[in-house]
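Within every chain, numbering begins at 1; the chains are lettered A, B, ... in the order of the sequence lines, protein sequences first and strands thereafter.
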Amino acid sequence: MAEKYKLSEGSLRVIMKGGQIDNAIMQVLDTKRIASGNTDKERYRLLLSDGKHLFSFAMLTSQINDQIVNGELSDNSIIKIKKYITSVINNVGKAKRVLVILEMETLVRGENTSKIGSPEPLPDDDEPLVENDSKNKQVSSTSSSTLHVVNGNNRSVNDPNVSIQDQLTHPISSLSPYQNKWIIKARVSNKSNVRTWSNSRGEGKLFSMDLIDESGEIRATAFRELVDKFYDLIEIDKVYYISKCQLKIANKQFSNLNNDYEMTFTPDTIVQECHDVVESIPQTRYDFISINKITHIEVNTLIDVIGVCKNVSDLQMFQAKSTGRELKKREVTLVDQSSNSIALTLWGAEAESFDGSSQPVIVIKGARVSEFGGGKTLSTGVSSIMKINPDIPEAHRLRGWFDNEGISKTAVNISARSESGGYQTQWINIKDVQEMGMGQGEKGDYFQVKGTILLYRSEGGIYKACPKEDCKKKVVDQGNGMYRCDKCNREYPNFKYLLLGSANIGDWSGNMWISLFSSEAEKVLEMSSQAVGEAIESDPQALVEIADKAHFKQFVFRCRSKMENYNDETRLKTVALKVEPVNYKECNSHAISRIQELLN
DNA sequence: CCCCCCCC
């Protein structure tokens with residue numbers, strides 16, 4: 001099998017002297033984990049042979065470590081190097097050339113072959129094949145790899161007579177806090193607004209940017225006076241040489257960039273725009289998660305997602321419970337080739353300006369996964385980047401799928417609350433609500449129970465609400481034919497009736513009070529809110545009779561219980577999110593399985 | 001040195 005592949009003899013010498021070799025075929029004679037204090041930042045060093053020479057300063061970019069970890073890259077493997085960078089690292093004061101493999105393919109696994117030829121160590125005193133001959137001229141390549149050629153290795157980053165372009169650049173993936181002499185050549189793929197903060201540790205302002213090169217990406221942040229120095233200089237999509245930043249461990253909670261470190265600008269930081277041809281530096285890196293897989297992703301994770309905007313809601317406004325701030329949101333339904341859909345919430349200005357009417361492809365880097373009522377949702381935040389109809393292959397493929405197939409397909413909605421979408425909440429008995437200590441958590445507890453309406457409360461069972469769709473705020477009768485909604489902050493000439501359901505439900509084990517959404521109260525009373533309101537207009541006691549008809553009816557109540565505060569008192573509040581007729585087949589099979597459990 | 005990211 002190995003005979004099929006001939007090693008690219010002599011290629012190592014060419015590559016390490018600045019030449020370009022596409023798809024070089026080499027043999028990996030040995031792999032070694034590089035000792036590092038941080039186990040998250042594993043690095044592997046390879047001993048490579050091109051059949052003629054040996055080279056031991058080869059590394060894998062950490063993104064492809066799994067090819068070693070899963071055993072695919074055992075000793076003697078024959079590989080094709082599809083993408084690489086050569087670079088220089090500072091090795092105890094001496095510049096040392098390394099080869100960083102960005103992308104490779106295993107052609108023959110090690111166990112199916114053996115060492116080929118008698119390669120000898122690559123001499124490192126050769127004359128360069130390519131000279132870095134003119135000042136201010138970086139060796140650039142339009143191919144997938146950029147080469148940075150050594151031409152005298154003792155130039156210091158500190159030498160003010162040397163323009164930064166003359167220096168050697170390092171791949172972003174090689175940066176670490178343990179080594180501070182480096183220059184990166186990176187594109188700014190995202191730049192935040194200037195934000196201010198004020199907390200117990202002080203106050204100030206900052207902005208951050210995402211930097212990207214062929215090897216990887218990293219976030220950089222500038223604080224206080226460095227904001228004034230750099231904010232206007234740095235523009236999105238431009239390429240810069242950057243050096244002398246401080247490296248620290250990245251907090252994964254706030255960034256999903258593929259880097260264990262992040263950088264902070266210092267007063268010594270140097271930023272210089274690069275005007276060379278730089279098409280080899282990518283625009284943005286994505287690690288898209290298919291929508292059906294988001295079901296299993298932990299809440300609060302940041303992910304990259306791509307989807308067609310199948311539906312979009314109106315702009316909604318309300319006040320934040322905690323801060324009282326006016327919030328604006330818009331909900332977008334994204335669908336992808338998995339034929340699953342998810343709700344994405346946009347906030348603030350992004351929500352306001354969003355136009356989804358043409359069903360565009362939406363790409364989000366760093367969307368936050370949340371949970372609502374048992375379903376998963378996404379939302380954008382300060383560090384997410386949203387792109388509409390970006391010119392990337394994934395977007396074109398998705399467009400094609402949607403226009404031909406997706407548009408007429410029903411998608412599984414993974415944001416569906418527990419009552420639909422195949423997500424089953426737990427069946428319980430009423431006594432369990434107390435006994436299991438429901439509702440202690442932040443999000444509350446969800447369950448379903450089969451119960452009988454013992455008492456439907458008619459007092460205060462209906463109110464005049466804001467006529468605006470989706471607004472359920474009680475209006476204040478102005479006495480002049482106008483009704484004021486404090487939530488919308490305006491007066492309307494009309495209102496709508498809404499039921500405010502409250503009922504005591506019981507089963508064999510006990511009873512409890514629940515409140516019901518108006519839509520669900522309508523199901524229990526078998527009347528619309530509007531009809532009940534009109535009945536009350538002619539007879540104030542009408543709801544007593546209407547409620548009486550609901551007594552002793554049986555339903556399945558899908559509920560959420562949560563501890564809530566009422567004037568210094570904490571009480572458990574249970575809301576029936578959904579009321580459904582009893583499905584006897586389902587209830588009985590549940591009862592049978594419970595009996596089986598008890599027998600065992 | 002930020003890091004709140006909201007609501008049903």
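- The existence of a salt bridge linking A/Arg558 and A/Glu580 is confirmed by a sub-4.0 Å separation between a basic side-chain nitrogen and an acidic carboxylate oxygen.
- Nucleotides of DNA chain B with any atom under 4.0 Å from a heavy atom of chain A span, from 5' to 3', B/dC1 to B/dC8.
- Residue-level contact check: A/Arg195 touches the bases, meaning some heavy atom is under 4.0 Å from a base atom.
- No donor-acceptor contact under 3.5 angstrom links the side chains of A/Ser561 and A/Asp445, judged on distance only.
- Shown here are the salt bridge (Lys or Arg N to Asp or Glu O under 4.0 Å) partners of A/Lys328, two or more places apart in sequence or in another chain: A/Glu352.
- Map A/Val382 and A/Thr345 each onto its nearest nucleotide of DNA chain B; the residue landing nearer the 5' end is A/Val382.
- For the pair A/Asp287 and A/Arg285, the salt-bridge criterion is not met [side-chain N within less than 4.0 Å of a carboxylate O].
- A/Lys248 comes within 4.0 angstrom of a base, heavy atoms only.
- Taking 4.0 Å as the cut-off between side-chain N and carboxylate O, A/Glu214 and A/Lys185 do not count as a salt-bridged pair.
- Among the atoms of the strands shown, none is found under 4.0 Å from any heavy atom of A/Glu350.
- The aromatic ring centroids of A/Phe354 and A/Trp347 lie 6.0 Å or more from each other.
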